[in-house]
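Structure, as structure tokens:
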Amino acid sequence: MRIVVLVKPVPDTASGGERLRPDDWRLDRAATTAVVNANDEYALEAALKLTEAHGGEVVLLTMAGAAAPETMRKALAMGATSGVLVSDDALGGSDMVSTTRVLAGALGAMEYDLAFAGADTSDSGGGIVPAGVAALLGLPYLSYAAKIEPDPEARTVRVNRITPTGYDVLEAPMPALVVATQALGEPRYPSLKGIMAARSKALETKALADVSVAGGDGPVGGAASTTAVLGAEAPPPRGATRVIREPADEAARQVVAFLAERRII
Amino acid sequence: MPYRLTEDQAALRDAVRILADEQIAPRAAEIDRTAEFPWDVKDLLASHDVLSLPFPEQYGGLGGDLLTVCLAVEQISRVCATSGLILAVQELASLPLLLFGTEEQKQRWFPDLAAGRHLIAFALTEAEAGSDVAAARTRARRDDATGDWIIDGSKRFISQGSVADLVVVFAATAESDDTPRHQRLSCFVVEKDTPGFGVERIEHKMGIRGSPTAELSFSGVRVPDAHRVGEIGQGFEIAMRTLDRSRPGIAAQAVGIAQGALEVASAYARDRTQFGKPIAEFQMIGAMLADMDAQTEAARQLLYKACTEIEAGAADAGRWSAMCKLVAGDTAMRVTTDAVQVLGGYGYIDEFPVERMMRDAKITQLYEGTQQIQRLVIARALAAPR
Amino acid sequence: MAGAGAIWVHGELTGDGDLANISAEVATLARTLGEAAGRDVVGIVVGADPEGAAGELARYVPRVLAITEPATADHAAGTIVGQRIAALVERDGPAVLLTGAGPEGRDLAGVVSALTGWGVLVNAVAVTWDDGPVVTMSVFGGKLTTTSRLTGDHGIVTVRPNVVTAEPAAAPGAVEAIEAPGEMTLPQVPIVDRLEAAGVAAPIEEARVIVAGGRGVGGPDGFKVVEELAAELGGAVGATRAAVDSGWIPYAQQIGQTGKIVKPALYLALGISGAIQHKVGMQTAETIVAVNRDPDAPIADFADVVVIGDLFEVAPAITAALRARKAG
């Protein structure tokens with residue numbers, strides 16, 4: 001089974017160094033180290049578990065800037081077989097429409113039984129790109145998966161989609177696009193073997209010109225953005241924290257009084 | 001040399017760090033207190049492929065270069081010097097085979113070593129031959145009928161000598177007293193169950209107490225010629241070339257110990273308040289911590305550079321090797337001593353790990369060549385005619 | 001026909017065919033914007049049996065288009081609804097389509113955007129109007145808020161829950177049953193089974209009060225004190241990633257970077273350190289109260305009130321104090 005996993009390098013939130021560039025309000029991707037978007041790690045882990053069980057390989061697909069190979073090596077160290085990176089100066093500052101069209105174009109040129117994507121990205125992603133990619137490629141779209149069960153012989157896949165009351169069990173023929181969630185299970189730490197092996201795994205880079213962009217002939221990339229940031233500012237501070245160090249009953253009394261004062265109860 | 005670690009070196013360092021913090025650190029105090037070899041940590045390192053780092057891929061290793069191995073030793077030593085030594089010794093003792101062994105020898109012994117199923121020790125030092133390596137008195141006589149060698153003698157201060165499955169032994173094979181000193185020795189591999197091989201004592205040490213330091217005795221130990229490593233009379237050269245490559249491993253242990261001590265001291269200074277504020281804000285403490293940090297970093301960068309030069313086959317590899325071990329060992333001693341000082345009375349008791357780290361640091365100034373020997377190596381390089 | 005430049009709002013359906021709470025909120029927002037901007041406001045509901053939800057949506061906006069689409073009864077809805085709405089917005093050309101930023105709204109927005117080429121402004125925490133929607137978004141775990149707009153004449157905006165309070169209009173609007181133009185070509189994914197998961201009622205993003213437990217809760221049994229306090233406050237139970245990954249509580253209740261982003265009136269954090277990955281999920285709550293044994297926990301920096309103590313003593317004490325207050 002061949003599973004393509006869409007991964008995105010995003011700023012490492014834990015570093016606290018994320019910034020927008022003051023001249024064009026674009027995310028300053030050089031300001032912090034990039035990590036694989038957390039939700040994409042869950043998607044990758046699910047893909048690795050499935051190929052371990054059913055045989056096959058996992059291929060990464062990324063649209064990102066020049067520093068991306070480093071982040072993709074980490075994903076390769078987890079166990080992916082190879083990767084495809086679409087990288088081009090023109091794509092800097094791409095909005096979701098461009099990203100969707102380019103990823104769909106790149107994915108359309110690949111062979112796969114399943115394509116996985118993470119639920120959304122921590123760098124202010126709206127969680128809408130995977131649905132768009134599926135729509136542009138005419139792929140069955142199964143989102144918010146808590147469980148993914150492929151049947152390689154029958155060439156179908158079953159997914160438990162999370163709903164407010166439980167799960168809808170969806171079924172579709174392959175190839176299909178599945179949006180993975182954290183419910184699928186914790187991603188593995190890369191082993192030393194994986195880290196050392198990642199050095200020699202294939203990472204193919206494509207420029208924009210090498211991709212047959214989906215969704216028509218219109219331009220893509222930062223220059224063609226359908227949205228524009230007007231400005232950014234720090235939100236108003238929350239105010240001082242009140243610290244209560246009293247014994248439980250007295251602390252409880254003060255908390256209840258506070259909640260009443262704030263009209264919450 | 002790229003002035004930053006590559007992404008996989010950084011990833012590997014981070015992976016080993018996590019392993020060390022989560023699974024080895026909780027055991028460190030107990031290992032020191034009981035002075036028992038931590039088989040569980042050895043198994044952990046084996047199962048995570050850490051012990052396979054020094055070995056080439058075709059024998060089941062990960063083919064890590066010298067810097068990669070040192071990164072791992074450093075991270076483990078940060079939390080437990082004894083545990084860091086397990087990897088450092090595995091590398092040290094395998095170097096004679098890596099550098100001078102035949103294909104048959106590597107195929108025979110490397111797979112088990114790479115898998116961490118077997119441990120290997122390096123038996124060079126003797127009671128009367130420490131710094132003066134060439135004075136070794138352990139003898140290996142040839143049995144002309146079979147071509148076997150019979151080894152008699154004793155080795156002292158052999159790290160992990162009592163837990164090793166294989167011991168690399170340097171013995172005198174010179175036929176006559178006229179043989180030049182540096183051609184007297186040859187190198188052999190002895191498997192532990194060979195009759196005549198025994199462990200006479202385990203030392204009670206100041207530090208790295210979980211690492212058994214053994215006296216090994218050889219009484220008519222018979223090994224086939226196939227167990228000889230390198231040429232007859234090449235033993236001294238093998239030992240020196242091995243140490244040139246293995247000293248960075250000890251430097252890595254030293255840098256790790258220093259870093260561990262710095263981290264404990266810094267955290268303590270942030271939390272401990274006296275006279276109304278954290279002691280880290282007092283200049284005398286701040287100055288000590290700053291010096292500890294700068295010196296540890298300097299030792300680290302010299303180590304990384306030395307690894308890169310040695311790996312690249314630099315002609316002055318010996319100088320790099322001696323320098324990084326000299327600086328790192330002295331740094332570890334200084335930093336750990338200052339760490340105890342920062343903690344004051346608490347630094348002297350075993351409630352905090354810095355007293356152990358200070359005891360552990362001392363050995364890095366002694367083994368794999370004393371600091372004085374390192375200075376000799378460097379001075380000779382400077383004094384040699386151009 | 002709906003005026004060009006109108007403001008459209010998508011009415012999302014729950015599993016039972018009712019209007020989702022988030023759509024009532026977004027519809028209120030749509031109406032407010034329409035009044036301020038002098039634009040028509042139109043709701044759109046697509047479902048197997050849309051009248052009930054359409055009627056409910058009409059309480060908030062003057063006009064609702066209802067499309068009957070039997071396939072949504074037993075197929076994944078997003079692709080189907082998306083195609084129908086895409087065809088309509090292309091025909092009628094509204095200025096903006098507003099949807100919720102939950103899973104249904106996102107799936108829908110993704111499909112409509114791909115089929116129309118319209119841009120999307122996501123995760124709005126505020127929307128104003130200046131010849132088009134101007135959207136405020138919270139980024140970098142709340143460190144920054146950005147203001148953005150569309151560069152073209154048409155686009156989509158997804159709106160977070162709890163950003164607007166749902167408020168019906170003075171008089172209800174009218175529902176119009178229509179046929180959607182065109183054919184649907186995208187594959188439809190059948191729902192072959194429905195499974196119930198115990199313990200999750202409404203989506204946690206919609207809760208006004210959330211009581212959440214973290215690593216400090218120690219295990220699934222520990223969550224009892226969390227649940228009791230939540231019940232007493234009429235709130236939902238939330239959790240951190242640590243608690244979910246340890247298997248103490250289902251993922252649906254996880255709050256944070258890889259879970260849900262919530263904006264309740266009260267977020268009560270028990271045994272939660274407040275690390276950044278969790279903080280991004282809840283820091284825009286109006287009021288944050290934390291109980292933690294560690295005075296240096298990051299949450300102490302941004303909570304409104306922090307009680308330094310053992311949550312197993314403090315939480316039951318708060319529950320008891322609330323009960324006493326109700327009784328007395």
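Proteins come first, then strands; the chains are lettered A, B, ... in the order of their sequence lines, and each starts at number 1.
- Most heavy-atom pairs under 4.5 Å with chain C, from the set Ala183(A), Ala240(A), Ala234(A), Pro247(A): that is Ala183(A).
- Interface remark: of the candidates Gly185(A), Ala134(A), Ala104(A), Ala131(A), Ala131(A) forms the most heavy-atom pairs closer than 4.5 Å to chain C.
- Ring geometry for Trp118(C) versus His154(C): interplanar angle under 30°, hence parallel rather than tilted (30 to 60°).
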Next on the checklist: I'd like to know whether Glu186(A) forms a side-chain contact (heavy atoms from CB on, under 4.5 Å) with Glu45(A), so could you lay out the CA-CA distance, the side-chain angles of the two residues, the decisive distance to 0.1 Å, and finally the verdict.
Outcome noted: CA-CA 7 Å; Glu186(A) 273 212 86; Glu45(A) 175 63 28; over 6 Å; no
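- Top candidate by heavy-atom pairs under 4.5 Å with chain C, chosen from Ala135(A), Gly138(A), Ala228(A), Ala172(A), is Ala228(A).
- One distance of note links CD1 of Ile244(A) with CZ of Phe258(A); it measures 8.5 Å at 0.5 Å rounding.
- In this structure, the portion of Glu286(C) lying under 4.5 Å from any heavy atom of chain A is its backbone and not its side chain.
- Arg101(A) places a side-chain N or O within donor-acceptor distance of the main-chain N or O of Gly218(A), the cut-off being under 3.5 Å.
- In this structure, Asp151(A) does not pair ionically with Arg158(A), as no charged nitrogen and carboxylate oxygen lie closer than 4.0 Å.
- The part of Val134(C) that comes within reach of chain A is its side chain, from C-beta onward, which places non-hydrogen atoms under 4.5 angstrom from that chain.
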Next on the checklist: Could you walk me through whether Ile255(C) and His278(C) satisfy the side-chain contact (heavy atoms from CB on, under 4.5 Å) test, starting with their C-alpha distance in whole Å, then the side-chain angles of each, then the deciding distance to 0.1 Å, before giving a yes or no?
Outcome noted: CA-CA 6 Å; Ile255(C) 289 160; His278(C) 183 73; 3.9 Å; yes
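- Using a 4.5 Å cut-off between heavy atoms, Val289(C) touches chain A through its side chain atoms alone.
- Of the two parts of Ala101(C), neither the backbone nor the side chain holds a non-hydrogen atom closer than 4.5 Å to a non-hydrogen atom of chain A.
- Not one N or O on the side chain of Ser212(A) forms a donor-acceptor pair closer than 3.5 Å with the backbone of Gly105(A).
- When Val135(C), Ile288(C), Thr136(C), Leu268(C) are compared by the number of non-hydrogen pairs under 4.5 Å with chain A, Ile288(C) comes out ahead.
- For Val256(A), the part sitting under 4.5 Å from any heavy atom of chain C is the side chain, from C-beta outward, and nothing else.
- Contact of Tyr167(A) with chain C is made through backbone and side chain together, with heavy-atom distances under 4.5 Å.
- Between Thr146(C) and Trp25(A), the closest side-chain pair of non-hydrogen atoms is not below 4.5 Å.
- Across Val112(C), Val209(C), Thr158(C), Asp245(C), the residue that shares the most heavy-atom pairs under 4.5 angstrom with chain A is Asp245(C).
- Contact count against chain C (heavy-atom pairs under 4.5 Å) is highest for Val169(A) among Leu259(A), Val169(A), Ile265(A), Val243(A).
- Both the backbone and the side chain of Thr147(C) come within less than 4.5 Å of a heavy atom of chain A.
- With a 4.5 angstrom heavy-atom cutoff, Pro295(C) touches chain A only via side-chain atoms.
- For Val291(C), no part lies near chain A; criterion is any non-hydrogen pair under 4.5 Å.
- Ranked by non-hydrogen atom pairs under 4.5 Å with chain A, the options Gln254(C), Lys326(C), Gln188(C) are led by Gln254(C).
- Between chain A and the options Asp107(C), Leu121(C), Thr284(C), Leu186(C), the largest number of non-hydrogen pairs under 4.5 Å is found for Asp107(C).
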Item to check | From CA spacing to verdict: side-chain contact (heavy atoms from CB on, under 4.5 Å), Ile210(C), Gln253(C) | outcome: CA-CA 10 Å; Ile210(C) 298 175; Gln253(C) 290 161 270; over 6 Å; no
Checklist entry - Between Leu139(A) and Tyr112(A), does a side-chain contact (heavy atoms from CB on, under 4.5 Å) hold up when you go through it step by step? => result CA-CA 12 Å; Leu139(A) 288 172; Tyr112(A) 53 95; 3.5 Å; yes
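- If you measure heavy-atom distances from Arg262(A) to chain C, the contacts under 4.5 Å come from the side chain alone.
- With values rounded to the nearest 0.5 angstrom, Tyr251(C) atom OH is found 9.0 Å from Leu184(A) atom CG.
- Between chain C and the residues Gly127(A), Ala251(A), Ser98(A), the most heavy-atom pairs under 4.5 angstrom are made by Gly127(A).
- In this structure, the portion of Arg325(C) lying under 4.5 Å from any heavy atom of chain A is its side chain and not its backbone.
- Chosen from Gly152(C), Ala109(C), Ala303(C), Ala321(C), the residue pairing most often with chain A at heavy-atom distances under 4.5 Å is Ala303(C).
- If you tally non-hydrogen atom pairs under 4.5 Å between each of Thr181(A), Val97(A), Thr241(A) and chain C, the highest count goes to Thr241(A).
- For chain C, the nearby parts of Ile264(A) are the backbone and the side chain; heavy atoms of each come within less than 4.5 Å.
- Contact annotation for Ala315(C): neither backbone nor side-chain heavy atoms come within less than 4.5 Å of a heavy atom of chain A.
- In the model, Asp95(A) has no side-chain atom that pairs as donor or acceptor with a side-chain atom of Thr227(A) under 3.5 Å.
- Around the NZ atom of Lys147(A), the shell of radius 6.0 Å holds no more than 12 heavy atoms that belong to other residues, nucleotides or ligands.
- Ile156(C) does not touch chain A: none of its heavy atoms, backbone or side chain, sits under 4.5 Å away.
- Asp310(C) does not touch chain A: none of its heavy atoms, backbone or side chain, sits under 4.5 Å away.
- For chain A, the nearby part of Ala285(C) is the backbone; its heavy atoms alone come within less than 4.5 Å.
- Side chain of Glu206(C) to backbone of Pro161(C): no donor-acceptor contact under 3.5 angstrom is found.
- In terms of heavy-atom pairs under 4.5 angstrom with chain A, the leader among Ile318(C), Thr258(C), Val307(C), Leu150(C) is Thr258(C).
- Between Gly274(C) and Ile299(C), the closest heavy-atom pair is CA-CB, 3.9 Å.
- Remark: Lys279(C) is positioned above the aromatic ring of Phe302(C), its terminal NZ or CZ atom under 6.0 angstrom from the ring centre and at most 45 degrees off the axis.
- For the pair Asp113(A) (side chain) and Met174(A) (backbone), a donor-acceptor distance under 3.5 Å is absent.
- With a 4.5 Å cut-off on non-hydrogen atoms, Thr79(C) touches chain A through its side chain but not through its backbone.
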